[in-house]
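Please read the structure below before turning to the comments.
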Amino acid sequence: MDKTIRCRTRKGFALIITLSVLSVMIALAGILLGYLEKARTDAAQTRAMIQANLYYVDIRDAFKKLGKNKKEVMDLLYAYPVPLNSPDGEFSVTIKCDPLGNGININWLGLENNQTMQMHYETAQHVFDTIVQTYSIKDAARLQELLLEEIGGQKKWVQKEQSRLLQKNGIISREQFERILTRYQFEADDAEANDISWEKFFVFDTQLKQADGNHLSAELIALLFGFDVTQVQKDWIAGETNLQTFVQNNGGEYAKYEKLFYKGFMDEARCEVRFPYENKKFGFTFVQNHGEIKYFEFDSK
């Protein structure tokens with residue numbers, strides 16, 4: 001009787017051990033498959049990045065050859081995404097650009113002590129103050145403090161691998177601004193701050209000293225000149241309507257901000273290229289500045 005019980009007990013333990021080992025093996029298999037899939041994904045992204053670099057070089061060379069047609073081409077790229085396909089259909093990309101100066105430079109918030117740039121500072125501060133009041137930001141002072149720390153180079157809310165963002169002080173990309181915003185949201189518990197369309201009011205570039213007035217958003221024009229935003233949205237066509245004429249025809253004081261706006265074609269843009277590769281979509285961005293193409297950033301999303 002005892003032998004039978006001991007035998008059954010040993011078999012029970014053996015079964016438990018077998019099931020335990022099996023569970024561990026299944027778990028390990030899942031982990032290994034996960035690593036394998038990640039390796040395949042990484043390899044695909046690496047190949048896609050190589051392809052993106054090839055497209056980047058071709059597009060860079062094409063931009064340099066635009067010559068007198070530059071404004072016409074850029075106006076087209078500002079209007080809507082333009083598909084570009086090879087004759088055999090083997091390669092296909094879509095390119096869309098936005099004027100780099102179609103807003104108030106957020107870095108002007110750091111010019112309070114620069115006597116020659118007081119209009120720039122006051123305008124940026126006015127825009128910031130109006131936004132935080134309109135959207136009831138919980139701790140506007142802390143948000144501005146974080147922005148000024150970044151503008152002054154005291155802190156860097158950027159990822160180390162993004163070396164371009166570490167080359168200079170200031171806020172030079174939407175992505176960098178979003179990381180600052182995330183930091184603020186965490187500290188102030190203000191999730192609604194991310195719901196604001198900041199890009200309709202601010203641009204992110206340390207070198208921009210003027211704005212491209214004819215490409216401003218309706219929201220920014222209404223804020224600067226005290227217009228009804230609904231009416232501006234109805235009548236304003238960015239890139240087609242002349243800002244000075246529009247403001248003066250609607251009784252606004254254009255002269256107040258005239259020095260902030262660049263006269264003529266402002267040859268500075270941020271462009272995004274999307275392309276399919278191995279049944280997935282990839283892309284990259286770059287900055288076009290008076291024929292110089294720079295700041296390549298690969299996007300695997």
Side-chain angles (χ1 to χ4, degrees), residues 44-45 47-103 164 172-175 177-178 197-205 207-208 210-221 233 235-243 246 261-262 264-301:
Q45 289 187 359
R47 292 192 296 271
M49 183 181 293
I50 294 173
Q51 186 64 50
N53 273 282
L54 294 175
Y55 285 143
Y56 172 67
V57 171
D58 289 341
I59 293 173
R60 180 189 63 192
D61 293 342
F63 266 89
K64 291 180 179 179
K65 297 176 182 179
L66 290 177
K68 295 180 180 179
N69 298 319
K70 184 66 170 295
K71 183 181 184 303
E72 182 179 356
V73 171
M74 294 310 299
D75 285 342
L76 183 65
L77 294 174
Y78 290 159
Y80 49 80
V82 176
L84 303 173
N85 304 298
S86 62
D88 58 8
E90 185 176 355
F91 301 106
S92 173
V93 302
T94 301
I95 180 171
K96 174 71 170 68
C97 297
D98 293 301
L100 204 59
N102 60 344
R164 177 173 73 83
I172 64 175
S173 76
R174 168 72 186 183
E175 294 75 18
F177 172 76
E178 287 178 348
S197 299
W198 295 95
E199 69 280 359
K200 291 183 178 180
F201 303 97
F202 287 114
V203 295
F204 314 99
D205 189 292
Q207 299 181 3
L208 284 176
Q210 287 183 296
D212 190 345
N214 294 336
H215 285 92
L216 300 183
S217 69
E219 290 78 5
L220 179 55
I221 293 173
Q233 290 171 335
D235 299 334
W236 172 258
I237 303 176
E240 295 185 20
T241 311
N242 179 273
L243 179 64
F246 180 84
F261 303 126
Y262 188 84
F265 171 52
M266 195 170 184
D267 189 13
E268 299 179 52
R270 181 182 184 273
C271 300
E272 179 180 15
V273 177
R274 308 299 300 179
F275 64 94
Y277 189 78
E278 295 185 359
N279 298 319
K280 293 184 179 180
K281 293 183 179 180
F282 297 92
F284 61 91
T285 60
F286 63 87
V287 169
Q288 189 282 141
N289 190 335
H290 296 277
E292 181 184 1
I293 308 299
K294 54 186 180 180
Y295 299 157
F296 170 90
E297 286 188 8
F298 179 69
D299 179 12
S300 61
K301 298 179 181 179

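Summarising the geometry of G103 relative to V203, their closest heavy-atom pair is N-CG1, 3.5 Å, with the distance given to 0.1 Å. Here the closest heavy-atom approach between residue N102 and residue H215 is recorded as CB-O, 3.2 Å. Counting all heavy atoms, side chain and backbone alike, S92 lies closest to P276 at O-CD, 3.3 Å. When all heavy atoms of C271 and F63 are compared, the pair lying nearest together is SG-CZ, 4.3 Å. Among all heavy-atom pairs drawn from F284 and F275, the shortest one is CD2-CE2, 4.0 Å. Contact between I221 and L216 at its shortest, heavy atoms only, is CG1-CB, 3.9 Å.
With a 4.5 Å cut-off on side-chain heavy atoms, E268 and V287 do not count as touching. Within the 4.5 Å cutoff, side-chain heavy atoms of V273 are placed close to those of F286. Contact annotation: the side chain of T285 never approaches that of E175 to less than 4.5 Å [non-hydrogen atoms, C-beta and beyond]. Looking only at side-chain heavy atoms (C-beta outward), Q51 and E278 stay at 4.5 Å or farther from each other. Proximity of Q288 to R60: side-chain heavy atoms (C-beta onward) are nowhere separated by under 4.5 Å. Y262 is not listed as a side-chain neighbour of D212, based on a closest heavy-atom distance of 4.5 Å or more. F265 is listed as a side-chain neighbour of M74, based on a closest heavy-atom distance under 4.5 Å.
Taking OH from Y78 and CG from D75, the interatomic distance works out to 7.5 Å, rounded to the nearest 0.5 Å. Rounding to the nearest 0.5 Å gives a distance of 12.5 Å between CG of L54 and CE of M49. Remark: K71 NZ to L66 CG distance equals 13.5 Å, nearest 0.5 Å. K281 contributes atom NZ, which lies 8.5 Å from atom OG1 of T94 (distance to the nearest 0.5 angstrom). The distance from atom OH of Y277 to atom CZ of F282, rounded to the nearest 0.5 Å, is 8.5 Å.
In this structure D235 satisfies the salt bridge (charged side-chain N to carboxylate O under 4.0 Å, His left out) test with no other residue, sequence neighbours excluded. For V82, the side-chain contact (heavy atoms from CB on, under 4.5 Å) test picks out L76, L77, Y80, L84, I95, with sequence neighbours left out. For E292, the side chain to side chain donor-acceptor pair (under 3.5 Å) test picks out no residue, with sequence neighbours left out. Shown here are the salt bridge (charged side-chain N to carboxylate O under 4.0 Å, His left out) partners of R174, two or more places apart in sequence or in another chain: E178, E199. In this view, K96 and D98 satisfy the salt bridge (charged side-chain N to carboxylate O under 4.0 Å, His left out) rule, not counting sequence neighbours. The side-chain contact (heavy atoms from CB on, under 4.5 Å) search around A238 returns W236, not counting sequence neighbours.
Residue K200 places its NZ atom among 12 or fewer non-hydrogen atoms of other residues, nucleotides or ligands, all under 6.0 Å distant.
Side-chain atoms of N214 come within 3.5 Å of backbone atoms of L243 as a donor-acceptor pair (strictly under, hydrogens ignored).
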Stepwise side chain to side chain contact (heavy atoms under 4.5 Å, CB included) test for Y295 and N289: CA-CA 10 Å; Y295 299 157; N289 190 335; over 6 Å; no
